[in-house]
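Structure record follows, encoded as C-alpha cells.
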Amino acid sequence: MAVVIGDGLRALLQDKNTIKAIATVDREGRPHVVYKDSLHINNEGNLVFYELIESSQTNKNLVASIWFKQKVAVNILGNDKTSYQIKGTPYKAIIAGREFQKHYELVQEQLGIMDLSTVWVIEPEEVIEETFEKRRQEEEKAHPLLGHLDRWVVK
Amino acid sequence: MAVAEYDREWRKKELSLREVINKYPHISPFVIIKTDVQRRGVIYTDAALEKVDDSIHQTVHRNFIGEKVDKTPVSLLLRDGTSILSGGTYQGMPTKRDPFIVDVVDGKIVLTDENEVFEEVEYWEKPAFYDKFTSSGKPMWQVAWARPQRIDINPNQYCQFWETPGHGCKYCAIAAAYKSSDKEQFLKIEDIAETVAEALKEKGRYTNILLTGGTILDGKELLDDEVDYYIAILKRIGENFGGKKFPSQLIGTAFNEQQLRRLYEETGLMTYTADIEVLNEEKFNWICPGKAAKIGYREWKERLYKAVDIFGRGNVNTGLVVGTEMATPNGFETEEEGIEAILTEAEELCKHGVSTVGCVWTVAPGSIFFNQKTPSLEYYVRIAEGLDQLRRKYGFNIDMDNYRRCGNHPDTDLSRI
C-alpha cells in the first residue's frame with residue numbers, strides 16, 4: 001500500500017544538495033547499494049530515478065524486484081543531516097514512448113550526450129526518519145537501560 | 001484464407017496461465033504472461049479500443065507476413081518494459097484457443113482471461129516518421145515499422161523458396177500474404193534511406209536497426225543477390241553514422257563465408273542472425289524443405305559457426321519458431337522429447353559461440369500449418385528457461401536481441417537479470 005510523502009520530505013528529495021542512495025537485492029538476496037543523484041518524486045507521489053547503464057547491477061536487481069515483488073530501500077541525507085529511509089516496490093520501468101523520450105532529452109540537457117536506459121518508478125510503502133539526533137533521543141527514551149555506565153556518572 | 005478450427009476443450013488439456021505461474025515461481029510472471037498472450041493472441045473490448053489514439057499509437061503496420069490497417073494496436077507493452085507481440089496482423093482471426101481480452105478496469109488498460117485481470121498494458125506508440133512520405137511518394141509506414149526501441153525494415157516482401165512447389169517453410173505466411181496483396185516485392189533503397197534518416201531524428205527512440213525479409217536465392221553463387229541487396233541498403237543507412245559500424249542486425253539466409261565477410265567488411269553491420277527455425281535435422285527437413293534442399297541443416301550450422309569467426313562471439317545468433325517441432329504428424333510425440341531435443345542442440349550451438357533465441361510459434365492463417373495446434377504454455381516456459389540458462393552457462397550476453405530491441409523472445413526477456 002503506497003504512503004503519501006509529506007511536504008518536508010518532498011522538499012528534501014527535490015534539494016540538489018541532498019545525498020540519495022538506493023539499495024536493492026538480486027534474486028539470491030545479495031545486496032547492492034549505489035548513489036542516484038537523479039532520484040526525485042513525481043506528481044503522483046512516486047519515487048523516480050534515471051538508470052543510465054542498461055547492464056548495471058541496480059538495473060538487474062530492479063527488474064528482479066518488479067518481477068518478484070521484492071522491496072528496495074532509498075536513503076536520503078540532507079545538508080542539515082536530516083535523513084529518511086523510504087522503502088517501496090518498483091512499479092514501472094519506462095523504456096520507450098513519449099514519456100521515456102521526454103526524460104531522455106532532459107538527461108541529455110543536464111548531463112551532456114549521455115544515454116538513458118530506464119526511468120524507474122517506485123511506489124513508496126514506508127517512510128522512516130533516520131536523522132541521527134532524533135534516533136538518539138528515541139533510543140534514550142525507549143531504552144533507558146541501554147548504554148554505558150560511565151555516561152551516567154556525575155562528575 | 002484457410003484458418004484454424006477452435007478447440008472447445010483446450011483448457012482441460014493443459015495447465016492454465018495461473019497454474020504455470022504458480023508452478024514456476026522462480027520465472028518472471030511478466031514473461032510467462034507475455035508468452036501465453038503471444039501463443040493465444042488478443043481481442044479488444046470497445047472500452048479498450050476507445051483508449052486507442054491514432055495520433056499516438058501504432059495501429060497500421062506492414063511487414064512481410066501481413067498488413068493491418070484497422071484501428072487496433074499493433075502490439076502491447078507491460079509495465080516492466082516487456083513487449084508482447086500480440087499478433088497485430090492476425091487479430092480477430094479464428095484460433096484453436098481463446099485469445100486474451102484487453103479491457104479497461106479502473107481506468108487502466110489490462111489483460112484479462114476468464115474475467116481475471118493479469119496485468120496492465122500500454123499500446124505501442126507509433127514512431128514520428130509514420131505519417132510522413134518519402135520523396136517518391138511512398139508512405140513511410142510501408143517502408144519501416146518500429147518496435148518500442150528498434151527500427152524494423154523488411155526489404156523483400158516475398159521468399160524464393162516458395163517458387164519451388166513444396167519448398168516453403170510450413171509455418172510461414174509470407175507467400176500467402178504477398179500473393180493476396182498488391183504491394184511491391186522489393187522496397188526501393190532510396191525509400192529506405194530516407195525513412196531511416198527521418199526516423200533517426202527522433203531522440204531516444206531507437207537502439208538498433210533490423211533488416212530481414214524473404215530469401216533471394218539468385219546470383220552468381222546461391223544467395224549472392226540477397227547479399228548484394230542488403231549491402232546496398234546497409235551502405236546507404238550507414239551514411240547517417242560517423243563511425244564504420246552502427247548498432248544493427250541482419251536476419252538473413254545462411255550465407256557462405258565469402259558472403260559473410262563481404263557483409264562485415266563492406267558495411268556497418270554489427271550482428272548477424274540466420275534462423276535455423278527448428279533445432280532437429282529430421283524436423284527441419286520436414287518443416288523447412290527449401291532450406292534443407294538448398295543449404296541443409298548441417299551446413300546451416302557450419303555457416304553460423306563461421307559467422308562467429310567474422311562477427312565475433314555474442315554477435316551471432318539463430319532463431320527458432322519454438323513449437324513447430326511438435327507439429328503433427330511428424331513432430332516429436334511428447335513435449336519432454338521436444339524440450340530435450342531442442343535444448344541439447346542449442347547447447348551444441350553454444351559450444352561454437354552461437355546463441356539461440358526462441359519465438360513463440362503463432363499459427364499463421366494462410367500457412368501450411370494453419371490448422372496445427374501449438375504446444376502448452378508450460379512447454380514454452382521450459383524452453384525459454386533452458387535457453388536462458390544455456391546463455392548463462394556459456395557466458396553470452398544477448399544485447400543484440402534483447403528485450404528492448406526485438407522483444408519477441410521470452411528467453412531473452414529472462415536474460416535481463
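Below, chain A is the first sequence line, B the second, and so on; all start at residue 1.
- Nearest heavy atoms, A/F100 versus B/G204: CE2-O, 3.4 Å.
- Heavy-atom neighbours of B/N240 CG from other residues, nucleotides or ligands within 6.0 Å: above the threshold of 12.
- In terms of heavy atoms, B/L414 sits closest to A/W67 at CA-CH2, 3.9 Å.
- Other residues, nucleotides and ligands contribute only 12 or fewer heavy atoms inside 6.0 Å of the NZ atom of A/K81.
- In terms of heavy-atom pairs under 4.5 Å with chain B, the best-connected choice from A/H103, A/R98, A/E54 is A/R98.
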Worksheet item: So A/Q101 and B/K203, side chain to side chain contact (heavy atoms under 4.5 Å, CB included) or not? Walk me through it.
Response: CA-CA 7 Å; A/Q101 286 166 243; B/K203 286 187 176 186; over 6 Å; no
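- Chain A forms more heavy-atom pairs under 4.5 Å with one residue of B/I56, B/D399, B/N402, B/L77 than with any other, namely B/I56.
- Under a cut-off of 6.0 angstrom, the local environment of CG in A/N42 is crowded, with over 12 non-hydrogen atoms contributed by other residues, nucleotides or ligands.
- No salt bridge links B/E120 with A/K92; every basic N to acidic carboxylate O contact stays at or beyond 4.0 Å.
- Heavy-atom minimum distance, B/I417 versus A/F68: CD1-CE1, 4.3 Å.
- Judged purely by atom type and a 3.5 angstrom limit, B/R404 uses its side chain to pair as donor or acceptor with the backbone of A/I95.
- For B/P25, the part sitting under 4.5 Å from any heavy atom of chain A is the backbone (N, CA, C, O) and nothing else.
- Of the two parts of A/Q57, neither the backbone nor the side chain holds a non-hydrogen atom closer than 4.5 Å to a non-hydrogen atom of chain B.
- No other option in B/E122, B/K126, B/R147 has as many heavy-atom pairs under 4.5 Å with chain A as B/E122.
- Both the backbone and the side chain of A/S117 come within less than 4.5 Å of a heavy atom in chain B.
- Shown here is A/H148, whose NE2 atom has no more than 12 heavy atoms of other residues, nucleotides or ligands within 6.0 Å.
- By the neighbour-count criterion of 12 heavy atoms within 6.0 Å, atom CZ of B/F241 is densely surrounded, having more than that number from other residues, nucleotides or ligands.
- Taking the side chain as every heavy atom from C-beta outward, A/I66 and B/R79 approach each other to under 4.5 Å.
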